[in-house]
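Since the structure comes first, as structure tokens, the remarks are kept for the end.
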Amino acid sequence: MVLSVVSVAITIERIIHFARHSEDVDAVGDRLRSQLKTDALDAAKDALATRRSHVAEVLTQGLTAVSGGAKAAEEAMTGATLRERLKMERGLAFLGTLGNNAPYIGLFGTVLGIIRAFRDLAENTIEGSEAVMSGIAEALVATAVGLLVALPAVAIFNVFQRRIRATLVATDSLSRLILAHASREER
């Protein structure tokens with residue numbers, strides 16, 4: 001149950017995090033394209049600097065380094081992407097581990113419940129079936145609790161991983177606009 005509470009806390013924190021750092025990537029891309037076409041790098045940098053999204057942070061780093069050339073911009077954006085990815089993935093390892101291991105905790109409870117049921121049967125042979133049924137019922141509850149904790153943890157983990165992948169793909173796509181602009185400028 002403690003693990004379930006921690007799982008819910010991480011989920012709520014991650015939902016708030018992604019809500020605060022969300023961005024309309026298409027709108028950012030359209031604006032960035034138009035600003036790069038007119039060489040308004042400072043305006044693009046200023047517009048991105050006011051945003052809190054992971055995408056905006058990476059693009060800001062790229063635009064800041066673009067004066068050093070395409071390679072410098074690429075390295076700056078790669079470093080920023082790695083930092084932003086760590087921010088997005090915070091707490092998710094716990095959810096993934098919990099989702100993978102909670103069924104085993106439930107299975108452990110099941111084994112303990114069955115051992116108890118057989119011990120009760122050995123101690124009380126007259127009311128044996130009642131003692132066994134009680135122990136098996138407790139064992140099945142342990143299994144159910146393990147699954148009840150694991151299934152949501154795995155589902156939530158997968159939802160967040162999908163969100164992170166989508167953000168990283170969008171970041172990479174928009175980063176390439178900056179790299180294309182920097183390459184044109186070098187020529």
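Quick note: numbers below take in every heavy atom, side chains included, and nothing from hydrogens, waters or symmetry partners. The residues of the chain are indexed from 1 along the displayed sequence. Predicted, not measured: the structure shown is a model, and the values here were computed from it.
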Full working for side-chain contact (heavy atoms from CB on, under 4.5 Å) between Met88 and Thr167: CA-CA 9 Å; Met88 289 186 282; Thr167 301; 3.8 Å; yes
Taking it one step at a time, do Val28 and Leu59 satisfy side-chain contact (heavy atoms from CB on, under 4.5 Å)? CA-CA 10 Å; Val28 171; Leu59 298 178; 4.1 Å; yes
How far apart are the C-alpha atoms of Leu174 and Ile178, what are their side-chain angles, what is the distance that settles it, and do they pass the side-chain contact (heavy atoms from CB on, under 4.5 Å) test? CA-CA 7 Å; Leu174 295 176; Ile178 294 172; over 6 Å; no
Evaluate the criterion side-chain contact (heavy atoms from CB on, under 4.5 Å) for residue pair Gln61 and Arg83; output intermediate values, then yes/no. CA-CA 11 Å; Gln61 294 299 316; Arg83 282 191 309 275; 4.0 Å; yes
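Both Leu36 and Val25 are assigned to one and the same hydrophobic cluster, defined by single-linkage of ILVMFWY side chains at heavy-atom distances under 4.5 Å. One hydrophobic cluster holds both Leu48 and Leu41 under the rule that ILVMFWY side chains link at heavy-atom gaps under 4.5 Å. Note on Val66: it clusters hydrophobically with Leu179, by side-chain heavy-atom contacts below 4.5 Å among ILVMFWY residues. Leu3 and Leu107 are members of different hydrophobic clusters when ILVMFWY side chains are connected at heavy-atom separations under 4.5 Å. Criterion: ILVMFWY side-chain heavy atoms under 4.5 Å apart, direct or through other members. Under it, Leu140 and Leu151 are not part of a common hydrophobic cluster.
Note on ring orientation: taking the six-membered ring where Trp is involved, the planes of His17 and His54 are tilted (angle from 30° to 60°).
Each of Val58, Asp172, Val55 was compared with Thr81 under the side chain to side chain contact (heavy atoms under 4.5 Å, CB included) criterion, and only Val58 meets it. No option in Leu98, Leu95, Leu92 other than Leu95 meets the side chain to side chain contact (heavy atoms under 4.5 Å, CB included) test with Ile156.
Between Gly99 and Val154, the shortest heavy-atom distance links the atoms CA-CG2, 3.5 Å. Contact between Ala73 and Gly62 at its shortest, heavy atoms only, is CB-O, 3.7 Å. Residues Ala150 and Pro103 approach most closely at CB-CD, 3.4 Å, considering heavy atoms. Closest heavy-atom contact between Ser53 and Glu23: OG-OE1, 2.8 Å. Considering every non-hydrogen atom in both Ala70 and Ser183, the closest pair reads CB-OG, 3.7 Å.
Side-chain atoms of Arg51 never come within 3.5 Å of backbone atoms of Glu57 as a donor-acceptor pair (strictly under, hydrogens ignored). Checking side-chain atoms of Thr11 against main-chain N and O of Ser7 turns up a donor-acceptor pair under 3.5 Å.
Residue Thr97 holds its OG1 atom at 8.0 Å from CZ of Phe157, rounded to the nearest 0.5 Å. Rounding to the nearest 0.5 Å gives a distance of 11.0 Å between OG1 of Thr60 and CE of Met77. Put simply, CZ on Arg85 and CG on Leu168 are 5.5 Å apart, with the number rounded to the nearest 0.5 Å.
Residue pairs meeting the side chain to side chain donor-acceptor pair (under 3.5 Å) criterion with at least one partner in residues 140-166, sequence neighbours excluded, are Thr110-Thr143.
Partners of His181 by ring-ring contact (aromatic ring centres under 6.0 Å, His included), not counting sequence neighbours: none found.
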